[in-house]
Amino acid sequence: MAEVSRRNFVTGAALAGTVSVMTTGASRTASATDHPGGGGFMAASSNMEDGPGPHEKKQPGIQRICAVCEVTGGGEKVYGIAVEYDVNIDSTSLHSDTYTAAVFPAAKGFFAGMPQEPNKNDTTAIAQQRSVMAVYTSDQPGLRPDRKSVPGRYVIAEFAHDPDLSLPTTDSDKVTLLQNKSVRTTSGAIYAASRKLWTNAGHRGNNVTIRGVDDWEQSHWWWDDTRSAWLEYSIYLPKSFLEKGGENRSYPLVLAVTHSGTSYDGTCAQTLTEQCIASIWSLPEEQARHECVVITPRYERTTMNDYWEHTFDVENTGRLVESLLSNTWNYGNPNRADRADKVLKIDPKRVYCTGWSMGAMTSLWLMAKHPQTFTAGLIIAGQQRPADMAPLAHQKVLIITGTEDDKATPWNENCIPVWEQAGGKVVRPKETLDPALIFPIDQQEKLTAQINGYLEEKGNITFLTFQGVDHMGSARKFFHIKAARDWLLSQTKA
């Protein structure tokens, strides 16, 4: 991918289908603009009247299906299908060949995170069959980590997926399903096999659930009437905040700034689904280790260019963080009792900044101009003018780049003497790291030991580089480094 431009990527040959199924026409994911007056409190996926959750029951048997998705470094991928029945299903009646499942490839020319990309659901390709790795019952339309059945009316047909989460997605979020064999309910009724082809496409978008994303609130607005300024953003509120008394706790804050590919015609949903820059911090396992509030802005333009010039959005992002630090934020969804009228409190000793590419450049600028605001920063493949970066010398910053990134790596090298002259300690190992150690993500022991070894040298700036990784590859790989995420959220101000 070293020769791929972020602005002129075009995919190659059209994807060929392996299963012939009836299509229902392209259906786009619903967004806030689809529902006047309803924007601002929508999940990234289309959990509308046709989506997952309680609905008026139809005839006995399947009620609807839902694509079960995950956001990875390579974008949003379909990991399974949730089949909703009218009553609980007996798990002993299920087998790996009970269903035939298929996923429509994304539209030709789609590449997650690229600017002005086509709608991935505007596809004319034939759906491709996916092998079902596991099938089990659940009380929710989502994957279970243990893949074990629990009582419920949902049957989850889970697909195998590549453990290398940096591979670019080729999926739309349109799926189809056939029930090949009979299914038994817990009361003993038999739902016979059928040739009816089920699809998750609906007239208001595709029925989709996305782990770690659906709990975000989108399309919030920070504004300053004195300057006629505003900024759109999304926010993730921790589970404990939504419980009774959660407003009495204070939380760490992660500002995750995405890249220029989600600007221009992008949406709040795209900032959460086209890369894992923001959404990885809200995954259940991440929140279990480091509970925090996460915010990600949606810009309408590139905020920082290669001439070190920036728009007013950069400073407005700083103002947004300051507004949250004032502990007056009470804009939770008034239609949901767990969010309404609660005032969010942020711990000023635990405010973090992260981003990739343009988002990393924006993060560096904010940390340099507001050194008292941020506790630490995780900078992935971003650079800044060295003369402007001296204030970072006494902050806590972890910078990660690739050897094939001909901007971020050399420009950060140029910053090292600036930081050292300003009295900072820079840890810059000569050895490069091996990106093959990142995946599978549950086998990072060697990489974790290497990274923690450098971090234990207690530099103000720790600057690590992975061998053979280019600019685009850094977004897809580096946010999956657990040691980097753990380091960031373990930092506190004195």
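On a predicted model such as this, the values are computed, not experimentally measured, just so you know.
The ring of F466 has its center closer than 6.0 angstrom to the ring center of F478.
Relative ring orientation between H220 and Y233 is described as parallel, the plane-to-plane angle staying below 30° on a 0-90° scale split at 30° and 60°.
No side-chain donor from either of N412 and R428 sits under 3.5 Å from a side-chain acceptor of the other. Inspection of the R249 and S240 side chains reveals an N or O donor paired with an N or O acceptor under 3.5 Å. A donor and an acceptor atom, one from each side chain of D173 and N121, are located under 3.5 Å apart. Residues E309 and N305 bring a donor and an acceptor atom of their side chains to less than 3.5 Å of each other. Judged by distance alone, the side chains of N460 and H394 never bring a donor and an acceptor atom under 3.5 Å apart.
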Start with the C-alpha distance between S323 and W329, add both sets of side-chain angles, then the distance that settles side chain to side chain donor-acceptor pair (under 3.5 Å), and finish with yes or no.
CA-CA 7 Å; S323 72; W329 191 94; over 6 Å; no

So W356 and T258, side chain to side chain donor-acceptor pair (under 3.5 Å) or not? Walk me through it.
CA-CA 6 Å; W356 171 71; T258 57; over 6 Å; no

Between T303 and T362, is a side chain to side chain donor-acceptor pair (under 3.5 Å) present by the stated rule, with each step listed?
CA-CA 7 Å; T303 62; T362 301; 2.9 Å; yes

Decide yes or no on side-chain contact (heavy atoms from CB on, under 4.5 Å) for T354 and I379, but give the supporting numbers first.
CA-CA 6 Å; T354 189; I379 307 300; over 6 Å; no

Passes side chain to side chain donor-acceptor pair (under 3.5 Å), Y236 versus S279? Steps please.
CA-CA 9 Å; Y236 173 83; S279 58; over 6 Å; no

Stepwise, does the side-chain contact (heavy atoms from CB on, under 4.5 Å) test hold for V71 with V213?
CA-CA 8 Å; V71 177; V213 171; 3.9 Å; yes

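Atom CD of E70 sits about 10.5 Å away from atom OG1 of T209, to the nearest 0.5 Å. To the nearest 0.5 Å, atom CD of residue Q287 and atom CG of residue D215 are 9.5 Å apart. Rounded to the nearest 0.5 Å, atoms OG1 (T271) and CD (Q218) are 7.0 Å apart. Note that CG of L320 is 12.0 Å distant from CG of D224, once rounded to the nearest 0.5 Å. Taking OG1 of T302 as the reference point, atom NE2 of H259 lies at 10.5 Å (rounded to 0.5 Å). Between the OG atom in S363 and the CD1 atom in I399 there is a gap of 11.0 Å [rounded to 0.5 Å].
Scanning both residues, V418 and P386, for their nearest heavy atoms gives CG1-O, 3.6 Å.
Using a 4.5 Å heavy-atom threshold, the side chains of P348 and K493 count as separate. In this structure the side chain of L167 reaches within 4.5 angstrom of the side chain of K77, judged on heavy atoms. For the pair K482/E286, no side-chain contact is recorded, criterion being any heavy-atom separation below 4.5 Å from C-beta on. Annotation: side chain of I295 is not in contact with side chain of V254 (no heavy-atom distance under 4.5 Å). Using a 4.5 Å heavy-atom threshold, the side chains of F159 and V78 count as touching. Inter-residue side-chain proximity for T296 and V257 is flagged as unmet; no heavy-atom pair is nearer than 4.5 Å. Taking the side chain as every heavy atom from C-beta outward, T401 and F463 approach each other to under 4.5 Å. Using a 4.5 Å heavy-atom threshold, the side chains of E232 and S219 count as touching.
Using a 4.0 Å cut-off between charged nitrogen and carboxylate oxygen, D347 and K349 do not count as a salt-bridge pair. A salt bridge links E285 with R211: the closest approach of a Lys/Arg side-chain nitrogen to an acidic carboxylate oxygen falls below 4.0 angstrom. Looking at K345 and E247, no side-chain N of the basic residue comes within less than 4.0 Å of a carboxylate O on the acidic one, giving no salt bridge. Note on E291 versus K239: no salt bridge recorded, every NZ/NE/NH1/NH2 to OD/OE distance being 4.0 Å or above. Between D171 and K120, no side-chain nitrogen of the basic residue sits less than 4.0 Å from a carboxylate oxygen of the acidic one, so the salt-bridge criterion is not met. Looking at K425 and E457, no side-chain N of the basic residue comes within less than 4.0 Å of a carboxylate O on the acidic one, giving no salt bridge.
The stretch residues 300-326 participates, sequence neighbours left out, in these ring pair (Phe, Tyr, Trp, His ring centres under 6.0 Å) pairs: W308-W411, H310-W365. Applying the ring pair (Phe, Tyr, Trp, His ring centres under 6.0 Å) test to every pair with at least one member in residues 269-291, sequence neighbours left out, gives no pairs at all.
Judged by distance alone, with hydrogens and angles left aside, the side-chain atoms of R339 form no donor-acceptor pair with the main-chain N or O of G332 at under 3.5 Å. Q444 places a side-chain N or O within 3.5 Å of a backbone atom of H480 that can act as its donor or acceptor partner. Although no hydrogens or angles enter the test, the distance criterion places a donor-acceptor pair under 3.5 Å between the side chain of Q395 and the main chain of M367. When atom types are taken as modelled, the side chain of K396 and the backbone of T492 share a donor-acceptor pair closer than 3.5 angstrom. Side-chain atoms of E456 never come within 3.5 Å of backbone atoms of G453 as a donor-acceptor pair (strictly under, hydrogens ignored).
D146 CG: more than 12 foreign heavy atoms inside a 6.0 Å radius. Counted within 6.0 Å of CH2 on W221, heavy atoms from surrounding residues, nucleotides or ligands total 12 or fewer; the atom is thus considered open. K148 NZ: 12 or fewer foreign heavy atoms inside a 6.0 Å radius.
Stacking of K342 on the aromatic ring of F241 is recorded, both the 6.0 Å distance cut-off and the 45° axial limit being met.
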